[in-house]
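We name chains A, B, ... by the order of the sequence lines, and we start the count at 1 in each one. Heavy atoms only: backbone and side chains are in, while hydrogens, waters and symmetry mates are out.
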There are 2 protein chains.
Amino acid sequence: MEPKPRLQTKAPRNDAAKGTRPARAPRSPKPAANLSGDKAAETRRQILLAAASLFREKGYKATTLRDVAELAGMGAGSMYYHFASKDAILREVLDVGIATIDEAVRSAVAALPADATPAERLREAIRADLRALLQTSQYTPAYARIYNQLPATIKRRDHPRRLAYLTYWRELVFAAQRAGQLRDDLPVEVFVEFLVGAMSRTTEWFNPRAASVDALAGWIAEWILDGVGRKGAVTRQATGRLPLPMIEAAG
Amino acid sequence: MEPKPRLQTKAPRNDAAKGTRPARAPRSPKPAANLSGDKAAETRRQILLAAASLFREKGYKATTLRDVAELAGMGAGSMYYHFASKDAILREVLDVGIATIDEAVRSAVAALPADATPAERLREAIRADLRALLQTSQYTPAYARIYNQLPATIKRRDHPRRLAYLTYWRELVFAAQRAGQLRDDLPVEVFVEFLVGAMSRTTEWFNPRAASVDALAGWIAEWILDGVGRKGAVTRQATGRLPLPMIEAAG
DNA sequence: GTCTATAGGGGGATAGAC
DNA sequence: GTCTATCCCCCTATAGAC
């Protein structure tokens, strides 16, 4: 077990040595309300952030409330002042995670100039999706990683939001197809699952020191739209030696 | 809590009603050795298969040995005759999972005619990878899904195998690039992570009733090699309105 | 609001009968 | 080889002091 890092969204709490309880700075009975809300709200955020980070790293079941409390700098029992249960923390992490990426993609696309082409809108959506996953939020990668392993009851609860997100992507892709910028024979639903899934998997391997998120987004958009094959190169022989049945419909 | 299905690799065990212990069919002291090995080996496989299936579905920590035992049709304590610990089961599931997909891809490519082009070899690798993930094995999708959430000690143990697998993919991609079939500016390491990760994510959404695995493999190969953009369509304007920095090196 | 202590339950692992 | 019973630890959640 390694030394325990702590989230540092606000001033770090003390890690004072064994035994002695450090004196807490006396609080005035009515502190001026700071901009980010009162103390309880701030502590809540600390807990959620710690939970999201650990859920992402180890999964939901493997993360104990003691882990979360330690990362948030408090005792495990104290968290029950802010949340009713571990499940309640999970639900809020998931809600924030899907809301963050959904909002990020929609608003990024909406912010484009009115004359942006459907393909440009698709590129922008790819960039916004990856930003939310890889640099904006802890909640979004936590969501992407643990969602499918959760009990059906919890998945059912978040399913409408997830569907709305995928639906938006389908609209983007359909629009590009109607505009003649994507192949007519593209099975849109399957392609959207593939693309959104591929992007969410980047959280497993992306190294921010090797490339910027925007660089990665640019690459992926180009690979997907233009392909990695060299222009004019023959990537497929016409011998029929490798039959690729592509007749079935996609649901 | 649904009714409990059981793996049916061999004849189903009885689900006899409460209390009464059903009589077990008397076994001859020396049954003829069946083709798939002795009874212990068969039971071992049952346990591993049940574990892989549940690990894939719920994750490692969320899967209890009681779950595994129930799906394998035995009491939880009985499994300790075959495995030393839950960890030992996990290790074997992981080993089989990575070995299966590695072997599947290498042998599929090796089986191609000697004059197959590098791009054809890449297509075949994509098909073999997806077959291992989506139809051949329970172990491979379990591996793909849970690997990154496991404790560092276990990941370290399997890291060489995983690296060897990725290295093989890099060689395939490099070869296609050298042969002039892929773009010269393709950052191979990043691309391989993207491609392999994207394929492993298909286990989260692929619906075998909507399309065949080979159809999906054909689509993905085409999307990646040729792109989804319509030939001749402008997918990117030259206005510079959307700068895409792609200068950083990839590790 | 946060602390410590602990209740209560579940899960990995072991023991000994059969 | 598999069963049942059980040990013991850890985890979620609660209680009551401060």
Between NZ of B:Lys39 and C1' of D:dG1 the distance, given in whole Å, is 6 Å

Specify the separation, in whole Å, of atom CD of B:Gln46 and atom C1' of D:dG1.
-> 15 Å

In whole angstroms, how far is the P atom of D:dT2 from the CD atom of B:Glu70?
-> 17 Å

Can you tell me how far P of C:dT2 sits from CZ of A:Arg44, to the nearest Å?
-> 12 Å

Is there a donor-acceptor pair under 3.5 Å between the side chain of B:Arg170 and the backbone N or O of B:Glu189?
-> no

Is the backbone N or O of A:Tyr60 less than 3.5 Å from a side-chain atom of B:Lys61, with the two atoms forming a donor-acceptor pair by type?
-> no

A:Phe83 CZ to C:dT2 P: how many Å, rounded?
-> 12 Å

Given B:Arg157 and B:Asp95, is the salt bridge (Lys or Arg N to Asp or Glu O under 4.0 Å) satisfied, shown in steps?
-> CA-CA 10 Å; B:Arg157 182 178 172 279; B:Asp95 286 352; 3.1 Å; yes

Side chain of B:His82: nearest nucleotide among C:dT2, D:dG1, D:dC3?
-> D:dG1

Sugar-phosphate means primed atoms, P, OP1 and OP2; the rest is base. With that split, encode nucleotides 11-18 of chain C 5' to 3' as B, S or - using protein heavy atoms under 4.0 Å.
-> BBBB----

Rounded interatomic separation in angstrom, taking CD1 from A:Ile47 and C1' from D:dT12 | 15 Å

D:dC11 C1' sits how many Å from A:Lys58 NZ, rounded?
-> 12 Å

Report the residues that fulfil side-chain hydrogen bond (donor to acceptor under 3.5 Å, both in side chains) with B:Thr140, sequence neighbours left out, ordered by chain and then residue number.
-> none

Show your working on side-chain contact (heavy atoms from CB on, under 4.5 Å) between B:Asn148 and A:Arg201 and close with a plain yes or no.
-> CA-CA 11 Å; B:Asn148 280 311; A:Arg201 253 275 163 170; 4.0 Å; yes

Check: A:Glu92 and A:Arg44 side chains under 4.5 Å, non-hydrogen atoms | yes

